[in-house]
Amino acid sequence: MTNSGSKTRAATAVWPLIHAERAALANDLTGLTEERWATPSLCAGLTVREVLAHLTAGASLTPLRWLAGVIRCRWDFDKQVAMRLAEQLGEDGAETLERFRGVVDSTTKPPLPKLAMLGEAIVHAEDIRRPLGVRRDYPVTVLTALAGYYQGADLVVMAKGRIGGLRLRATDGPFAVGSGPLVSGPTLALIMAMTGRAAYLDELDGDGVPILRKRVLSQD
């Protein structure tokens, strides 16, 4: 019974981390001009404003609404993502941000693990921050937990397959996994590379980097 209670508390504790990351992103984007809202993000084909709308959509979808959307889109998951993003975009950047502020403390989610939602909050925040030249110092404990999740994830984000046969080691925290050619660097850069962001590959070192680079660049 005590063990079950500990697991419940551990799962619940993820939500405050998600809320903190959403709040930090909202603060970073306050006062952004329309020109800056139109900056291309690290998500191919999406502006930073559109990525923020995607985050709002993810925090607004119950499992039932998610399933209804998937059925409506005939199981085309990309179409469902685009549809939900459009619903949250608003008339301009200010409205997009206001809608995002409205879900900062939301615990609504599609049928994904809480750690996947934390990953959405951090990875997509970097998709936005990096092109805007905005930096955030994430708690290394949070990044370590997220890296641990992604190293075994191959459902929505194909990270597990991307790093197969490689040894990853963080230089700023305790994260370490795998065996084979080494890829080392900051935990955030490892996470972003695991999730397919080529912009972070130059922050990594080791004889496994060329292998990882080839996998990331050939993902499309």
Side-chain angles (χ1 to χ4, degrees), residues 18 21-22 24-26 28-29 32-61 65-66 68-103 109-112 116-136 146 150 153-163 188-204 212-220:
I18 296 169
E21 292 306 326
R22 290 174 181 164
L25 180 60
D28 283 345
L29 299 178
L32 214 61
T33 64
E34 284 304 312
E35 182 180 10
R36 297 272 277 163
W37 277 115
T39 302
S41 75
L42 296 187
C43 287
L46 297 182
T47 65
V48 297
R49 181 182 164 208
E50 288 169 330
V51 174
L52 191 69
H54 170 68
L55 282 172
T56 304
S60 307
L61 279 179
R65 284 195 71 224
W66 176 85
V70 168
I71 293 172
R72 178 180 170 186
C73 294
R74 299 172 183 254
W75 299 92
D76 185 331
F77 294 100
D78 290 337
K79 186 176 180 180
Q80 144 104 327
V81 168
M83 178 183 74
R84 296 305 187 189
L85 182 160
E87 290 174 354
Q88 300 297 340
L89 197 57
E91 293 297 322
D92 54 23
E95 185 174 345
T96 306
L97 180 57
E98 190 61 28
R99 292 187 180 194
F100 180 68
R101 287 189 186 279
V103 299
K109 68 178 183 68
L112 292 171
M117 294 300 289
L118 179 62
E120 286 272 298
I122 290 178
V123 172
H124 284 319
E126 283 298 296
D127 288 336
I128 291 170
R129 286 189 175 107
R130 180 88 171 209
L132 293 175
V134 177
R135 178 181 171 83
R136 172 165 169 74
L146 186 56
Y150 276 131
D154 238 359
L155 185 57
V156 177
V157 177
M158 310 300 284
K160 182 179 178 181
R162 195 172 283 124
I163 63 171
L188 179 62
L190 291 173
I191 289 170
M192 298 302 288
M194 275 194 278
T195 55
R197 274 64 178 179
Y200 291 77
L201 290 168
D202 287 344
E203 297 180 27
L204 303 175
L212 181 57
R213 183 182 299 276
K214 183 177 180 179
R215 292 174 182 176
V216 169
L217 294 179
S218 65
Q219 63 192 354
D220 295 329

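At least one donor-acceptor pair under 3.5 Å links the side chain of Glu50 to the backbone N or O of Thr47. In this structure a side-chain-to-backbone donor-acceptor pair under 3.5 Å is missing from Arg22 to Ala121. For Arg130 (side chain) and Ala199 (main-chain N/O), a donor-acceptor pair under 3.5 Å exists by modelled atom type. Distance alone, capped at 3.5 Å, places no donor-acceptor pair between the Thr39 side chain and the Val48 backbone. The closest donor-acceptor contact from the side chain of Arg99 to the backbone of Glu87 lies under 3.5 Å. At least one donor-acceptor pair under 3.5 Å links the side chain of Thr96 to the backbone N or O of Leu89.
Across all non-hydrogen atoms, the minimal contact from Val216 to Gly196 is CG1-O, 3.5 Å. Across every non-hydrogen atom of Leu46 and Val51, the tightest pair is CB-CG2, 4.0 Å. Considering every non-hydrogen atom in both Pro131 and Ser41, the closest pair reads CG-CA, 3.9 Å. Taking every heavy atom of both residues into account, Gln88 and Ser60 meet most closely at NE2-OG, 4.0 Å. Of all heavy-atom pairs between Arg101 and Ala26, the closest is NH2-O, 3.4 Å. The two residues Arg197 and Leu42 make their nearest non-hydrogen contact at CG-CD1, 4.2 Å.
The CG atom of Leu188 sits 5.5 Å away from the OH atom of Tyr200 when rounded to the nearest 0.5 Å. With rounding to the nearest 0.5 angstrom, the CD atom of Glu120 is 9.5 Å from the CG atom of Asp127. Atom CG of Leu204 sits about 11.5 Å away from atom CE of Met192, to the nearest 0.5 Å. Note: Glu126 CD to Leu132 CG = 11.0 Å, rounded to the nearest 0.5 Å. How far CD1 of Ile163 is from CE of Met194: 5.5 Å, rounded to the nearest 0.5 Å.
Taking 4.5 Å as the limit, some side-chain heavy atom of Phe100 sits within range of a side-chain heavy atom of Leu25. In this structure the side chain of Leu52 never reaches within 4.5 angstrom of the side chain of His124, judged on heavy atoms. Looking at Ile122 and Leu146, their side chains come closer than 4.5 Å, going by heavy atoms from C-beta outward.
Cation-pi geometry between Arg162 and Tyr150 is not met: the NZ or CZ atom fails to fall both under 6.0 Å from the ring centre and inside 45° of the normal.
Considering only residues two or more places apart in sequence or on other chains, Glu34 meets the side chain to side chain contact (heavy atoms under 4.5 Å, CB included) condition with Trp37, Asp92.
Atom CD of Glu98 is surrounded by 12 or fewer heavy atoms from other residues, nucleotides or ligands within 6.0 Å.
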With salt bridge (Lys or Arg N to Asp or Glu O under 4.0 Å) as the criterion, how do Asp28 and Arg129 come out once you've worked through the C-alpha distance, each side chain's angles and the decisive distance to 0.1 Å? CA-CA 8 Å; Asp28 283 345; Arg129 286 189 175 107; 2.7 Å; yes
